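The structure under discussion appears below in the form of structure tokens.
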Amino acid sequence: MKSHAAFVYGDELMQYKLGDDHPFNPIRVKMTEELLRAVGNLSSEEILKPRVADDTEILAAHSVDYVNFIKSLNTIEADEDRLYGYGLSEEETPVFANMHEAAKIVCGATLTAAEAVMNGTVKHALNLSGGLHHALYGKASGFCVYNDAVVAIRSILKQYDIKILYVDTDAHHGDGVQWAFYEDLNVCTLSIHETGRYLFPGTGGITERGAGQGLNFSFNLPVDAFTEDDSWMECYEQAFLRVAESFRPDLILTQNGADGHYYDPLTHLYLTMDTYRKIPLLAHRLAHEYCDGRWVALGGGGYDLARVVPRAWAQIWFAMTEFTPSDNRLPLKWTEKWQKYTTQTIPTFWNDPHDLYEPIPRKEEIEYKNASTLRNALYILGGEEIGNRFRRN
Amino acid sequence: MLVREMIDPPKAVVTVTAQQTVSDAICLMNEHKIRHLPVVDKDGFLIGIVSDRDLRDASPSVLENQAGSRHDYPIMEIMTKHVITGTPDDFIEDIAALFHEFRISCLPILSEGKLYAMITNSDLLNMFMHITGANEPSSHIELKLEKHGKSLYGALRILEQMHIGFSNVLMYKGIHQDCNRLVIRSNTMKPDRLAAELRKEGYEVLWPQEKQ
């Protein structure tokens, strides 16, 4: 492989589709792949074809009972009560054709990325179809059927004696991954998300710190609605830096949901492309600082398909390949193609305008509350004395 | 509910400075009947906290000769400097989790670094009482709602039809999680006719109980 980074992609990943009108749409991955090619930053040699996960690998993350039920949906129509019990419902996570197989392809793609990094083929690997972080041990949740990150981490830990840092910047709490490794001291999870007081799934408070041997190996930063770029970045940077410094990972796995953007219909964080440009840069830096470059990045949420997700996800690949587009405008042929499929206007530029939205009136209070949350969340890492930190000139 | 809504307006907070002594702090605690004192600098910024236990640990035993008393010790030497704090914009449910997780019984609330209020565990218990509506004149109606059975909406409609008001509604999962408990604080002194109507409509009424 010519590059030191791999982009996992194949059209079969489009099979994980919850419905035409469902907000979680795999077309985002295809749009991003085409955008990167259009800008001349992705070549066929850098593409890795995803393998399919086998049932044993899925069963390392999910109960036999649940996996059997998902499999059975190919042939049997289950009643509403049973579906509901397994986290499936028409409105949220509906049953779709070949769900078991499609979800196995997504897990396989994440395994492909993780294996390429672990066996030294590449330093960094990106699977944008992955990051299904809500899937739980015995049930589907929040558009996620099988938890590809848990499947991949379990598979790596079976082969290598290493420490893995999982960092989740989706606007929603990375609950499925957190609970899977809640008592595990080899996997440290850090999730920064819009507070569960407002947003699904409701968990991710700072007091969820792990249990048993895994106590103090789970970190959560629930930030307020209307957080905006500056305060969000302050929380992300401080938390990521200090957790990495104390945990000293051998591999960094990031979940890069792009649903915290101002345009996102489901959340209220008011982030802009500025944040989405900086998120992967820090992951890249710390992967080199602690892990000899080993970094696996996944996709996740992101429900403004045309205006946000491809632009935001392209930034991850830019960070992996240390690339900066020479033109501040998106490639015209890409924009023209995808504009036909959407009623929203695809932006002209990579970055957002400075007047994207009206200023938030409670900005100072929100920043102050987030700084307090950050301090309490990192309390166990020891730290500065109060007073000075909060003193403002 | 946010902290700033729970303590509106905030009460004045009793504080000490780091230079004051252990005996000053003991006097202040006794005078105001409190068990925690925030330590602030001259500009009102929080720099630490002392509890009655810190002060007891720093006091000589009653069995010893009082001559060796260290009551003149400055607070700076014994205060806790690494303090868990909250802000006026925190949700009270999040604050409650902090009390539980960090096993503390008092939380300084800071606004821009300055002390805004002190919240104690009894403030939280008081708020819990308020939320249950148990401190207002009203009658307790308690129903058991099975998973696919009668609804909250249906129960409240019966109250409306009978022109019975209510001050609180609290629904929570039963201990065994198999059903929901619905507690209504109704504004009636005669809840029996309401209970009878609810039973007639098929509700399982846990309280008031039927007279034998």
Side-chain angles (χ1 to χ4, degrees), chain A residues 79-82 84-85 173 194-199 202-211 215-216 218-227 231 360-393, chain B residues 1-5 15-18 38-50 75-76 79-104 107-119 146-149 173 177-178:
Chain A
D79 68 75
E80 217 172 285
D81 258 9
R82 283 199 78 203
Y84 190 79
H173 176 220
E194 181 175 335
T195 169
R197 293 282 80 81
Y198 296 124
L199 204 65
T203 48
I206 63 165
T207 57
E208 289 162 29
R209 298 188 293 142
L215 180 65
N216 298 334
S218 292
F219 292 88
N220 283 291
L221 263 169
V223 295
D224 221 357
F226 311 108
T227 281
S231 177
I360 306 290
R362 290 175 49 242
K363 190 177 170 72
E364 281 209 352
E365 281 117 56
I366 291 164
E367 286 180 354
Y368 187 74
K369 178 175 172 179
N370 286 339
S372 173
T373 303
L374 173 69
R375 218 168 50 82
N376 288 341
L378 301 180
Y379 182 81
I380 60 106
L381 295 179
E384 319 95 53
E385 293 167 10
I386 30 166
N388 291 336
R389 179 160 168 74
F390 284 113
R391 201 180 284 267
R392 280 200 183 169
N393 292 321
Chain B
M1 183 184 281
L2 303 177
V3 169
R4 70 162 81 249
E5 294 162 337
T15 61
V16 280
T17 64
V39 186
V40 293
D41 68 8
K42 62 176 173 26
D43 301 319
F45 288 94
L46 183 77
I47 56 172
I49 192 166
V50 279
I75 291 297
M76 178 148 24
M79 69 184 185
T80 300
K81 293 172 184 160
H82 194 192
V83 186
I84 295 279
T85 61
T87 85
D89 293 305
D90 285 331
F91 287 92
I92 59 167
E93 50 268 52
D94 284 338
I95 294 283
L98 288 179
F99 274 78
H100 184 74
E101 182 68 22
F102 292 100
R103 299 177 188 202
I104 51 179
L107 184 76
I109 303 295
L110 305 186
S111 179
E112 297 296 305
K114 293 194 179 182
L115 253 188
Y116 177 84
M118 294 287 274
I119 290 189
E146 298 291 349
K147 207 168 158 195
H148 296 291
K173 277 216 169 72
Q177 307 236 335
D178 51 343

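In the text below, chain A, chain B and the rest are named by the order of the sequence lines, each starting its count at 1. Bear in mind that the values here come from a model prediction, so they are computed numbers and not experimental data. What you see below is based on every heavy atom in this structure, not just the backbone, and it leaves out hydrogens, waters and symmetry mates.
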A:Tyr84 OH: over 12 foreign heavy atoms closer than 6.0 Å:
no

Which atom of B:Phe91 lies closest to which atom of A:Arg197, heavy atoms considered:
CD1-CG, 3.2 Å

CG of A:Asn376 to CG of B:Asp90: how many Å apart, nearest 0.5 Å?
8.0 Å

Inter-residue atom distance B:Leu98.CG - A:Ile206.CD1, 0.5 Å rounding
4.5 Å

What's the spacing between B:Leu2 CG and A:Glu365 CD if we round to 0.5 Å?
11.0 Å

Look up atom CG in B:Asp89 and atom OH in A:Tyr368, then write down how far apart they are to the nearest 0.5 Å.
10.5 Å

A:Glu80 CD: over 12 foreign heavy atoms closer than 6.0 Å
no

